[in-house]
Asks: 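Below is a structure I'd like to ask you about.
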Amino acid sequence: MSDRLYSRDHEWVEVNGDIATVGISDHAQDQLGDVVFVELPETGRAVARNEQACVVESVKAASEVYAPVAGEVVEVNGALVDDPARVNADPHGEGWFVRLRIDEPGQLADLMDEQAYRAYLAELE
Amino acid sequence: MSAEADLTTTPLSNLHRDLGARMTPFAGFSMPVRYPAGVIAEHTHTRRAAGLFDVSHMGQIRLTARGGGGVERAAAALERLTPGDIKALRPGRMRYTQFTDERGGILDDLMVTSMGDHLYLVVNAATGAGDVALLEAGLSGDCEIEVLERRALVAVQGPKAVAAVARLIPDAARLTFMQAATWSYEGERLPISRSGYTGEDGFEISVPGHAAEAFARRLLGEDEVEPAGLGARDSLRLEAGLCLHGHDIDETTTPVEAGLAWSIRRRRGEEGGFPGAEAIRRQLAEGPPRRRVGLRPLGRAPVREGAAIRGPSGKRVGAVTSGGFGPTVGGPVAMGYVEASLAAPGTALELELRGRGAPAEVTALPFVPPGRRGGGREAEGGRR
């Protein structure tokens, strides 16, 4: 999708009205390798921007997923608990983590669009 | 990137690049942590068929008695540094042992093979320089100590390893577990042992560096064999209950605490004559204050090295030394040390996980039953 936005920590956000769906980028899942465990927040929890929202663990290590924007957790992808490999197989689709009701839409302006994110990745190489 | 320039590459580095490996610095070497298939696929393939591992970072050392003293003299000398029964090693046999310090702590663990006229040692990469210094200081009067540089070490592990290796070197199939011999392959002399670090049947093959890539490519051309990286090697050895030096064993743990007392034969326990013999003898007689145990977290979250282990009263009783996800187990697995009174399988404990307590149970090791063949009873890196 062209309106997908990215954080410098490799989360993506897709906004629909005041709801932001959050996941990790294809680059992030590739860096992690096989995902074996995902810990999701309680719905109703308010998360600040850049606050840890989820934990994602590969065979080797645990990593944090940060909220790219502040909001209230309105839905979590419970399917990841039983099938964490979805994060690898379809990071931009079935591998989504949480949906947030956004507090401050203005925060989206600080995120990168697809093109900027690609340039950012190229810089990291 | 700049730090990578300082890393040593193995003779298989071109192969790793061609295979699309993700490389990682490990003990001063640039090593493949995984290939495009990924850790779980590499792990699973090794358990079902055969994985090929580059373990060239391991140190290979040849010990030869000076003045034509024979392998018995080299064995007697090496016993001054290890509690292993090296003198009893017959030609073509290998044994797992440790270098100990004066307190009985483990400086490194190693495999010792009698090649008939000399001893062949395989030591850990991270401690190789220290091991050589130890050997020089302790044995140089009696033994020639030759570090075999520019040799690759290739491990082929899994139930189908024997079929694949035997197509290249038919005689290798005659080896039983913990046996070794040298055969020629395309003009190169290859010391081969039936051993490994995965809990599976398999071989470790020492190959001159210049011949290593062609040899590895030939093995990868066999249907059963796929490349596997250090990530899979770690999850395989953890499921097999095998120790990783610097994590599950180190200077602060004795072989008795680590559950490696099986590697100290009775003669050595009685006679002593190695560093830390007093401390180890006392622990053998009285039992150690703590023991290495298998830990099975009851939830799904992996518990990692360093996590505190708490007993029934909430008191800290030890720490996790290795932990992660076991692909064959299908869940989290860990090892750690606990007070001896809490070491019985079935004991309920709590592991600290992100500020909470994750329930876990002490579990007999290994987590996955060994798939190895042949007659030997000794496991590398061990368990009993």
Side-chain angles (χ1 to χ4, degrees), chain A residues 9-10 24-42 45 47-48 50-67 73 76-92 94-95 97-98 120-125, chain B residues 1 4 20-24 26 31-46 228-239 244 247 297-307 320 322-334 351-356 358:
Chain A
D9 298 317
H10 308 284
I24 66 170
S25 72
D26 186 53
H27 170 83
Q29 71 77 24
D30 184 54
Q31 290 288 322
L32 284 171
D34 297 319
V35 172
V36 298
F37 175 78
V38 170
E39 189 172 281
L40 299 164
E42 301 276 311
R45 190 183 127 191
V47 290
N50 296 330
E51 186 186 340
Q52 181 188 317
C54 313
V55 175
V56 55
E57 300 217 20
S58 69
V59 181
K60 284 300 278 183
S63 311
E64 292 78 36
V65 178
Y66 301 100
V73 178
V76 299
N77 186 3
L80 297 186
V81 174
D82 284 324
D83 189 11
R86 284 177 191 217
V87 176
N88 297 116
D90 191 9
H92 290 174
E94 287 196 336
F97 281 71
V98 293
Y120 173 66
L121 288 182
E123 243 172 69
L124 293 181
E125 287 297 307
Chain B
M1 326 287 110
E4 274 169 32
R22 186 170 302 242
M23 305 300 285
T24 193
F26 184 79
M31 298 299 293
V33 63
R34 61 180 151 106
Y35 297 90
V39 174
I40 291 178
E42 294 163 27
H43 176 114
T44 304
H45 187 81
T46 302
L230 289 186
R233 184 169 147 89
D234 193 52
S235 55
L236 288 158
R237 70 93 196 162
L238 175 55
E239 283 186 342
L244 176 59
H247 301 262
L298 302 183
R300 292 169 186 255
V303 178
R304 309 287 176 176
E305 178 177 359
V320 171
S322 279
F325 179 81
T328 305
V329 169
V333 287
L351 310 179
E352 209 166 77
L353 177 73
R354 293 186 271 279
R356 303 188 300 268

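Residue numbering restarts at 1 for every chain, and letters A, B, ... go by the order of the sequence lines.
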Asks: If you look only at distance, which donor and acceptor atoms sit under 3.5 Å apart when one is on a side chain in residues 78-86 of chain A and the other is two or more places apart or in another chain?
Replies:
{"unit_1": "A:D82", "atom_1": "OD1", "unit_2": "B:R300", "atom_2": "NH2", "d": "2.7"}
{"unit_1": "A:D83", "atom_1": "OD2", "unit_2": "A:R86", "atom_2": "NE", "d": "3.2"}

Asks: If the condition is salt bridge (charged side-chain N to carboxylate O under 4.0 Å, His left out), which residues does A:D30 pass it with, not counting sequence neighbours?
Replies: B:R22
Asks: In residues 50-60 of chain A, which residues are in contact with chain B at a heavy-atom separation under 4.5 Å?
Replies: A:V55, A:E57, A:S58, A:V59, A:K60
Asks: If you check every heavy atom in residues 32-39 of chain B against those of chain A, which residues fall under 4.5 Å?
Replies: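 Interface residues of residues 32-39 of chain B: B:R34, B:G38, B:V39.
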Asks: With chain B as the partner, which of A:V38, A:D34, A:N88 has the greatest number of non-hydrogen pairs under 4.5 Å?
Replies: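 The candidate making the most pairs under 4.5 Å is A:D34.
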